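A short worksheet on the structure shown next.
The structure displayed is predicted, hence computed values, not measured ones. Hydrogens, waters and symmetry mates play no part in the numbers below; they use all other heavy atoms, side chains included.
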Amino acid sequence: MLALVVDDSSTMRHILQRIVGGLGFAAYEAGNGQEALDLLVEIPTVPDVALIDWNMPVMDGLELIRHVRKMPPLRDMCMMMVTTEAEHSQMVRALAAGAHEYVLKPFTPEIIQQKLAYLGLVRPQPAPVPLLHRT
């Protein structure tokens with residue numbers, strides 16, 4: 001499995017790479033949407049998923065999603081917006097542009113895993129088994 005992490009924060013890229021790496025993904029990274037587009041053209045394999053920040057210099061995440069959806073070889077790549085943009089209207093815009101999922105920062109590794117499971121990219125975590133207490 002292959003992931004692309006796109007965020008202008010190197011710390012956030014590292015966090016997301018660690019999370020997806022723990023779920024079995026190799027990961028590429030880019031610091032903005034233009035870097036991501038350039039990388040997507042260069043690499044031989046289309047990533048299974050891209051985790052994309054909204055607010056970045058040069059090209060933001062929404063613009064990246066719109067560009068990718070217009071490129072036939074990349075059109076079917078799963079894209080997850082991972083952002084601080086919490087307004088419902090922003091979520092609607094991202095999904096309408098072609099994002100498959102939307103995750104608000106801050107997030108937990110479990111949330112990323114749940115979203116990837118929902119997209120069919122990883123196995124869902126089993127529900128915790130309740131402990132039985134004897135009296």
request  = Only counting residues at least two apart or in another chain, list the ones meeting side chain to side chain donor-acceptor pair (under 3.5 Å) with T45.
outcome  = none
ask   = So, are D60 and R66 salt-bridged, with charged N and O less than 4.0 Å apart?
value = no
inquiry  = Let me check something: do I65 and Y118 share a hydrophobic cluster, defined by ILVMFWY side-chain heavy atoms less than 4.5 Å apart, either directly or through other members?
reply    = no
task = Looking only at non-hydrogen atoms, find the nearest pair between M81 and G61 and report the distance.
result = CE-C, 3.9 Å
ask   = Which salt bridge (Lys or Arg N to Asp or Glu O under 4.0 Å) pairs, counting each pair once, include a residue from residues 8-34, with sequence neighbours left out?
value = R13-E29
inquiry  = Enumerate the salt bridge (Lys or Arg N to Asp or Glu O under 4.0 Å) contacts for residues 79-102, please, sequence neighbours excluded, ordered by first and then second residue.
reply    = E101-K115
message = Let me confirm one number: the CG-CD1 distance from L2 to I43, rounded to the nearest 0.5 Å.
response = 5.5 Å
Which pairs of donor and acceptor atoms, one on a side chain in residues 69-80, lie under 3.5 Å apart (sequence neighbours left out)?
from	atom 1	to	atom 2	distance (Å)
R69	NE	G98	O	3.2
R69	NH1	R75	O	2.3
R69	NH1	M77	O	3.2
R69	NH2	M77	O	3.2
R69	NH2	G98	O	2.7
R69	NH2	H100	ND1	3.3
R75	NE	R69	O	3.2

task = Compare all side-chain heavy atoms of V6 with those of L64 and state whether any distance is below 4.5 angstrom.
result = yes
key: Distance, nearest 0.5 Å, that separates CG of L16 from CG of L4   = 11.0 Å
task = Before giving the answer on side chain to side chain contact (heavy atoms under 4.5 Å, CB included), spell out for I111 and V103 the whole-Å C-alpha distance, their side-chain angles and the decisive distance to 0.1 Å.
result = CA-CA 8 Å; I111 290 171; V103 176; 3.9 Å; yes
inquiry  = Are F107 and L51 connected into the same hydrophobic cluster when the rule is that any two of I, L, V, M, F, W, Y join if their side-chain heavy atoms are below 4.5 Å apart?
reply    = yes
message = Check for me, please, whether V68 and V5 land in the same ILVMFWY cluster - side-chain distances under 4.5 Å, paths through other members count.
response = no
note = Here the gap from H14 atom NE2 to S9 atom OG, rounded to the nearest 0.5 Å, amounts to 11.0 Å
query = In Å, rounded to the nearest 0.5 Å, how long is the span from CG of D53 to OG1 of T84?
reply = 7.0 Å
key: OH-CD distance between Y28 and Q17, expressed to the nearest 0.5 angstrom   = 11.5 Å
request  = For E42, check side chain to side chain donor-acceptor pair (under 3.5 Å) against everything at least two apart and list the hits.
outcome  = none
Tabulate below the donor-acceptor pairs under 3.5 Å that side-chain atoms of residues 33-41 make, not counting sequence neighbours, or state none.
from	atom 1	to	atom 2	distance (Å)
Q34	NE2	D38	OD1	2.9
E35	OE1	G31	N	2.7

task = Kindly compute the distance separating CG (L62) from CD (Q90), expressed to the nearest 0.5 Å.
result = 8.0 Å
request  = Determine, using the 4.5 Å side-chain heavy-atom cutoff (strictly less than), whether V49 and Y102 are members of one ILVMFWY cluster.
outcome  = no
query = Given side chains that start at C-beta, do those of I52 and T83 come closer than 4.5 Å, heavy atoms only?
reply = no
message = Can you list everything that forms a side-chain contact (heavy atoms from CB on, under 4.5 Å) with L23? Sequence neighbours excluded, please.
response = I19, F25, Q113, L116, V122
